[in-house]
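For ligands, and for the atoms within them, numbers begin at 1 and follow the listed sequence. Given the structure is predicted, the values throughout are model-derived calculations rather than measurements.
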Amino acid sequence: LSDPLPEALQRHRVPFDGRFNVHELSSDPPSDTPPKKELEDELDDLVDELDELQRRLFADERFAVLAVFQAMDAAGKDSTIRKVFSGVNPAGFRVHAFGRPSELELRHDFLARVAQRLPERGRIGIFNRSHYEEVLVVRVHPQFLTAQHLPDVDPARVWDERFESIRNFEQHLARNGTAVVKFWLDISPDEQRKRFIDRIEEADKNWKFRLGDLDDRSRWDDYQVAYQEALAATSRPWAPWYAIPANDKRYMRVAVARIMVATLRALDPRFPAVGDEQRRELQEGLARLQAENGGG
Ligand code: AMP
Ligand code: MG
């Protein structure tokens, strides 16, 4: 059997040359998807390896990892984040959810609030929604752009300018040791409809449903265009996008976990080498401790 991990970095990856067509994607899992039990076992293994890799990342002190999650409502962002990172030391990662900006946030440039929540070296930072809302929801609902009080907005250029700002921002992060990896959980409209109905019919899920979610659903095609353009313009070698089929949660979680593990492995984080001085200290420490109980 071939190792699926290096392949995971190619599969579902949005091309870097801008050629990306959302209509060519399927939200259903690929035909070679392993059966349920195998997916569950694989996820368990990946979750463990992610924990091990994060420990190395922390000891290595050179890199941070930023994982961005974007999707239509009910695609499973929250549960995917919960499952994939369930084995990682809680001190080793942090999740930030970005909702509607506050009055104060609106007074800053559109990257300011994410810039304040970036992971430090050794950590995995997870963005549940992100600066990409600024070229998605803000694009589909232009009143959000108006609320930003920007000078001289040219509607014909503003989105390309934002893509350029985002590319530059993420390249800056990458050059400074933050590996950026971005996931679009791609659900189909039919599957979203089923999940919304579940949220209405199952009491435990009622809290997740807001009538306003149907407004975004009614703008589905506009969102698809916005996703296509944003992903095509910002998937680059230093910050790749992955379009993950999201109709089957088990497959989606494994696909995300494979990419996370492969991304961390590619950084090759290492425990720092022990130098001569430290080796001498280790030996001296051992000698002293052994001397305490008579040399045993
Ligand atoms: P949820 O993730 O379901 O709690 O919803 C958060 C809401 O905040 C979503 O409807 C997002 O589209 C919205 N949101 C996030 N970022 C922005 C932004 N920059 N401008 C306007 N709305 C946003
Ligand atoms: Mg919502």
Side-chain angles (χ1 to χ4, degrees), residues 66-85 94-118 125-150 153 155 158-167 169-170 180 182-187 189 191-200 202 204-231 233-234 241 244 246 249 252 256:
L66 175 64
V68 168
F69 288 85
Q70 289 287 158
M72 297 298 281
D73 281 310
K77 291 194 301 318
D78 302 61
S79 69
T80 299
I81 293 168
R82 193 169 68 236
K83 299 281 179 189
V84 170
F85 299 94
R94 191 173 296 153
V95 186
H96 292 286
F98 293 95
R100 286 210 194 165
S102 67
E103 284 297 317
L104 180 63
E105 284 169 344
L106 284 172
R107 287 166 187 260
H108 285 279
D109 75 272
F110 80 93
L111 292 174
R113 69 170 177 166
V114 289
Q116 287 171 353
R117 291 176 174 81
L118 294 167
I126 297 150
F127 285 177
N128 183 343
R129 305 188 187 274
S130 68
H131 46 303
Y132 283 95
E133 293 291 331
E134 293 287 341
V135 290
L136 297 167
V137 68
V138 177
R139 188 169 188 180
V140 173
H141 301 282
Q143 70 269 24
F144 288 129
L145 190 64
T146 312
Q148 296 182 1
H149 298 293
L150 299 170
V153 177
V158 62
W159 310 115
D160 282 339
E161 287 171 359
R162 287 193 166 197
F163 296 151
E164 187 182 354
S165 297
I166 290 172
R167 282 194 300 270
F169 172 65
E170 292 176 353
V180 183
K182 301 173 291 193
F183 298 100
W184 174 39
L185 308 183
D186 173 26
I187 192 183
E191 183 62 27
Q192 189 198 48
R193 183 169 167 275
K194 279 188 213 146
R195 292 187 193 176
F196 276 168
I197 291 173
D198 282 350
R199 287 178 175 193
I200 293 167
E202 290 177 35
D204 288 0
K205 294 184 180 171
N206 285 171
W207 64 275
K208 292 190 197 178
F209 185 78
R210 272 170 293 167
L211 199 55
D213 292 345
L214 297 189
D215 298 340
D216 279 330
R217 175 173 170 76
S218 72
R219 304 293 302 276
W220 195 276
D221 293 342
D222 297 325
Y223 270 106
Q224 294 296 109
V225 171
Y227 270 106
Q228 170 162 313
E229 293 196 12
L231 271 56
T234 60
W241 269 108
I244 310 290
K249 289 195 174 188
M252 166 172 71
V256 168

(request) Using a strict cut-off of less than 4.0 Å between a Lys/Arg side-chain nitrogen and an Asp/Glu carboxylate oxygen, indicate whether Arg139 and Asp160 qualify as a salt bridge. (result) no
(request) Tell me which part of Asp73 gets within contact of ligand 1: side chain, backbone, both or neither, using heavy atoms under 4.0 Å. (result) side chain
(message) Are Leu106 and His149 packed together at the side-chain level, in the sense that at least one heavy-atom pair is separated by less than 4.5 angstrom?
(response) no
(request) Determine whether any heavy atom of Gln148 lies closer than 4.0 Å to an atom of ligand 1. (result) no
(request) State, yes or no, whether a side-chain contact exists between Arg129 and Lys77 at a heavy-atom distance under 4.5 Å. (result) yes
(request) Look at the rings of Phe98 and Phe127 and say which category their plane angle falls in: under 30° parallel, 30 to 60° tilted, over 60° perpendicular. (result) perpendicular
(message) Classify the ring geometry of Phe209 against Phe196: parallel below 30°, tilted from 30° to 60°, perpendicular beyond 60°.
(response) perpendicular
(message) Any carboxylate oxygen within less than 4.0 angstrom of a Lys/Arg side-chain nitrogen, looking at Lys194 and Glu191?
(response) yes
(message) At less than 4.0 angstrom from any non-hydrogen atom of Val138, what atoms of ligand 1 do you find?
(response) 20 (N)
(request) Please state which part of Arg129 comes within less than 4.0 Å of ligand 1, counting heavy atoms only: side chain, backbone, both or neither. (result) side chain
(message) Below the 3.5 angstrom mark, is there an N/O of Glu133, backbone or side chain, next to an N/O of ligand 1?
(response) yes
(message) Applying a heavy-atom cut-off of 4.0 Å, say which part of Pro101 lies close to ligand 1: side chain, backbone, both or neither.
(response) side chain
(message) Regarding ligand 1, does Gly99 bring an N or O atom to under 3.5 Å of one of the ligand's N or O atoms?
(response) yes
(request) Heavy-atom contacts with Glu134 under 4.0 Å: which atoms of ligand 1 show up? List them by number with element. (result) 19 (N)
(request) Determine, using heavy atoms of Arg210 and all atoms of ligand 1, whether some pair is separated by less than 4.0 Å. (result) yes
(message) Taking 4.0 Å as the limit for heavy-atom contacts, which would you say applies to Arg113 with ligand 1: side chain only, backbone only, both, or neither?
(response) side chain
(request) Decide whether His131 and Glu170 meet the rule of one side-chain donor and one side-chain acceptor closer than 3.5 Å. (result) yes
